[in-house]
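Worksheet for the structure shown next.
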Amino acid sequence: MSPTESLTVQPKMLGFGQITIASGETSICTILGSGIGIAIYDIATQIGAVAHVVHATSTSTKKQELGRTADLAIEEMVNQLQQQGAAIGCLQAKIAGGSLMFKNENKEALITATIDEIKKQLQIAKVQVLGEDLRGTQGRKFIFNPIGCECSVEFADNTTRLI
Amino acid sequence: MTNKTHYDSPRLELLHHTFNKATEDASAAMSTWTNGQISLSLDELSEVSLESVSEDLNLGMEFFTMVVMTLDGEVGGTMILTFDEKNGRQLAATLINREVETDEVWSDLEKSALNETGNILGCAYLNALSDLVSANLVPSPPYFIQDYGASVLEQALMEQAITEDKVLICRTTFCKGTEELNWNVFFIPNSGMRTAMEKSQKASC
């Protein structure tokens, strides 16, 4: 049985470029391709924030969702966690995604830049990265369960990996 | 068959005509390839928010068989041909003139049949776009992928997502006679292609 099948409460779906807070019994699930799922959480309070980041940095002057780019998303996630009562000095993170679903050199470079920016921003925010499942050529279902702050990835061939 | 012809934006109305021409060319090629059995119809051209795009296109958590072709370069885009398992296998069986395979793993012959379908469709579609934007667009070979539809869509949308609040997507539906099939072609232009198409439409007005 996969982690999503074993959940009693249906997970809340997160779209591309979005951020949400996770607490209680509701897990967060997002489908990843080239994008990166980030879960930042406080294990003591079991409150987490999950983002589905698509790019490294924001280049547009147009209004964008803060979750689209790594440079804005991680700061926003930490702010939201602080507002929810998480202990900022104790935050931990797990990240997954960044697959190259089909061959394209430009997009491979964009994915690498996004991963690098996420790691840089997590370091700036003093968030410790405890697990990652990055790159490859397969899509992933990224699931964060606030109870125990567990993170897992499911692949389309039904294999599952805890990270 | 829904053929969405009423748009809130005059710009989308103009782009619809562009894609309609490309769809007609692709439909003619598909009809030849399938001995007149299958045709295409432009279903919808839409600008949707990145955040809700996979849900809007029903590509959320679903597993699809897909053939992907890309146009690399400043003026480019991605074409994604999607089938559910049953329909994909039925098409492959028809094309190779065999019974529908029951093995879980697709045979090389089945994959090749779908890739060739993508190639024929993609080339017809992209030739029409090449004429429109006066650029020599060279597509990649087709890639056969079985995975979450949203995962493939996300990579196709990467370039538009850098600069655009809303992403432009063209969806085409297949028909067998009057029956609508559960197959789709999505064309996702990159930002350069969006600009080139809009310029071309303005010039022709």
Side-chain angles (χ1 to χ4, degrees), chain A residues 2 4 10-11 13-20 29-37 52-69 97-111 113-114 136-143 153-158, chain B residues 48-57 59-74 76-81 85 104-105 115 118 139-167 188 190-192:
Chain A
S2 73
T4 36
Q10 277 298 306
M13 292 304 295
L14 188 70
F16 304 152
Q18 290 187 316
I19 297 175
T20 193
C29 176
T30 190
I31 304 288
L32 302 167
S34 51
I36 321 282
H52 182 148
V53 163
V54 181
H55 277 294
T57 52
S58 177
T59 54
S60 172
T61 53
K62 291 179 183 174
K63 183 184 174 295
Q64 286 191 349
E65 292 281 335
L66 294 169
R68 273 196 198 188
T69 58
S99 286
L100 189 68
M101 303 297 301
F102 46 91
K103 203 176 165 189
N104 183 299
E105 283 176 17
N106 290 344
K107 287 175 182 170
E108 193 169 11
L110 289 171
I111 291 167
T114 308
T137 56
Q138 285 181 286
R140 292 171 172 89
K141 195 185 284 182
F142 179 73
I143 304 136
V153 287
E154 286 178 30
F155 295 89
D157 62 4
N158 285 329
Chain B
V48 291
S49 78
L50 182 74
E51 289 70 29
S52 64
V53 62
S54 56
E55 197 181 335
D56 289 352
L57 298 176
L59 290 174
M61 292 167 80
E62 300 298 315
F63 177 83
F64 285 100
T65 296
M66 293 166 274
V67 178
V68 177
M69 287 173 76
T70 62
L71 280 174
D72 298 331
E74 220 167 281
T78 307
M79 192 196 80
I80 309 171
L81 177 59
E85 170 79 7
E104 202 173 302
V105 179
N115 272 347
S140 71
Y143 303 106
F144 181 89
I145 300 174
Q146 292 181 294
D147 214 313
Y148 300 117
S151 300
V152 171
L153 182 68
E154 181 172 43
Q155 183 171 323
L157 288 168
M158 271 183 99
E159 283 156 326
Q160 277 200 64
I162 297 177
T163 52
E164 310 293 339
D165 284 340
K166 290 192 167 184
V167 291
I188 300 114
N190 69 9
S191 302

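Predicted model, so just to flag it, every value in this text is computed and none were measured. Just so you know, these numbers use all the heavy atoms, side chains as well, and skip hydrogens, waters and symmetry mates. A note on names: the letters A, B, ... follow the listed sequences, proteins ahead of strands, and every chain is numbered from 1.
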| message | Within this structure, what is the NE2-OG distance for the pair H52(A) and S54(B), rounded to the nearest 0.5 Å? | response | 8.5 Å
| note | Between Q155(B) and F102(A) the two heavy atoms that sit nearest each other are NE2-O, 2.7 Å
| query | In Å, rounded to the nearest 0.5 Å, how long is the span from CG of L32(A) to CD of E154(B)? | reply | 6.5 Å
| request: Show your reasoning for whether side-chain contact (heavy atoms from CB on, under 4.5 Å) applies to I145(B) and Q138(A). | output: CA-CA 9 Å; I145(B) 300 174; Q138(A) 285 181 286; over 6 Å; no
| In Å, rounded to the nearest 0.5 Å, how long is the span from CG of L110(A) to CD of E159(B)? | 7.0 Å
| said: So which residue, G35(A), G15(A), G97(A), ends up with the most heavy-atom pairs under 4.5 Å with chain B? | reply: G35(A)
| Is it the backbone or the side chain of S99(A) that comes under 4.5 Å from a heavy atom of chain B, or both, or neither? | backbone
| Contact part of L14(A) toward chain B, heavy-atom cut-off under 4.5 Å: side chain, backbone, both or neither? | neither
| field | Atom pair CG/OG1 of D147(B) and T137(A) - distance to nearest 0.5 Å | value | 8.0 Å
| message | To the closest 0.5 Å, what do you measure between OH (Y143(B)) and CE (M101(A))? | response | 13.0 Å
| field | Side chain H55(A), main chain M158(B), donor-acceptor under 3.5 Å | value | yes
| side-chain contact (heavy atoms from CB on, under 4.5 Å) between Y148(B) and E154(A), intermediate numbers included | CA-CA 11 Å; Y148(B) 300 117; E154(A) 286 178 30; 4.2 Å; yes
| Atom of L50(B), atom of V54(A) and distance for their closest heavy-atom approach | CD2-CG2, 4.0 Å
| At what distance, to the nearest 0.5 angstrom, does CZ of R68(A) lie from CD of E51(B)? | 4.5 Å
Side chains of residues 63-71 of chain B: which donor-acceptor partners sit under 3.5 Å, not counting sequence neighbours?
| unit_1 | atom_1 | unit_2 | atom_2 | d |
| --- | --- | --- | --- | --- |
| T65(B) | OG1 | Q146(B) | NE2 | 3.2 |
| T70(B) | OG1 | D72(B) | OD1 | 3.4 |
| T70(B) | OG1 | S140(B) | OG | 3.2 |

| task | Please indicate whether E85(B) has more than 12 foreign heavy atoms, meaning atoms of other residues, nucleotides or ligands, lying under 6.0 Å from its CD. | result | yes
| remark: Closest non-hydrogen atoms of G139(A) and S151(B), given as atom of the first, atom of the second and distance, are CA-OG, 3.3 Å
